[in-house]
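Everything numeric in this text was worked out from a predicted model, so none of it was measured. Because only heavy atoms are used, hydrogens play no part in the values below, and waters and symmetry mates are left out as well, while side chains stay in.
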Amino acid sequence: MMEFERVIFRAKQGDEKAIEQILEMFRPMLIRNALIWGVFDEDLYQEFVIETLKCIQRFKQ
């Protein structure tokens with residue numbers, strides 16, 4: 001099993017450190033996509049975080 005899959009598995013089990021690790025890994029992409037006309041949109045960023053958490057739960061190994 002790849003390291004990323006191990007982290008996802010732990011995150012699905014509720015391991016907060018694993019969840020934080022995944023969010024940290026994807027943070028640059030989430031921030032980049034939460035920029036509207038060059039301005040950071042906090043609400044949009046939070047929506048992206050929520051969707052990322054949902055994706056963690058839906059991930060199939």
Side-chain angles (χ1 to χ4, degrees):
M1 184 182 297
M2 294 174 49
E3 177 62 26
F4 181 72
E5 289 177 344
R6 282 190 202 123
V7 175
I8 290 278
F9 178 78
R10 290 191 348 254
K12 284 181 76 166
Q13 304 303 311
D15 182 329
E16 289 186 24
K17 283 190 147 192
I19 293 168
E20 289 175 20
Q21 185 177 353
I22 292 168
L23 290 175
E24 186 63 33
M25 187 181 312
F26 287 101
R27 180 164 293 149
M29 180 185 66
L30 299 178
I31 290 172
R32 186 172 51 251
N33 286 287
L35 292 173
I36 306 297
W37 299 101
V39 178
F40 181 70
D41 185 321
E42 179 70 31
D43 292 334
L44 184 56
Y45 176 77
Q46 290 300 320
E47 289 298 322
F48 287 148
V49 169
I50 290 167
E51 289 304 313
T52 303
L53 295 173
K54 288 179 186 177
C55 288
I56 290 169
Q57 291 307 311
R58 286 188 232 133
F59 184 81
K60 297 195 185 328
Q61 296 169 314

In sequence, state the C-alpha distance, the side-chain angles, and the governing distance for I8 and K12, and then conclude on side-chain contact (heavy atoms from CB on, under 4.5 Å).
-> CA-CA 6 Å; I8 290 278; K12 284 181 76 166; 4.2 Å; yes
Could you tell me which residues satisfy side chain to side chain contact (heavy atoms under 4.5 Å, CB included) with Q21, sequence neighbours excluded, listed by chain and number?
-> V7, R10
Donor-acceptor list for residues 24-35 side chains, cut-off 3.5 Å, not counting sequence neighbours:
from, atom 1, to, atom 2, distance (Å)
E24, OE1, R27, NH1, 2.6
R27, NE, Y45, OH, 3.1
N33, ND2, M29, O, 2.8

Would you find more than 12 non-hydrogen atoms of other residues, nucleotides or ligands less than 6.0 Å from E16 atom CD?
-> no
Rounded distance [0.5 Å steps], CD1 in I22 versus OG1 in T52 = 9.5 Å
Identify the heavy atoms of A18 and A11 that sit nearest to each other, and give their distance.
-> CB-N, 3.6 Å
Considering all heavy atoms, the nearest D43-D41 contact = N-OD1, 3.0 Å
Under the salt bridge (charged side-chain N to carboxylate O under 4.0 Å, His left out) rule, collect the residues that match up with K17, sequence neighbours excluded.
-> none
F40-I50 co-clustered via ILVMFWY side chain contacts under 4.5 Å | no
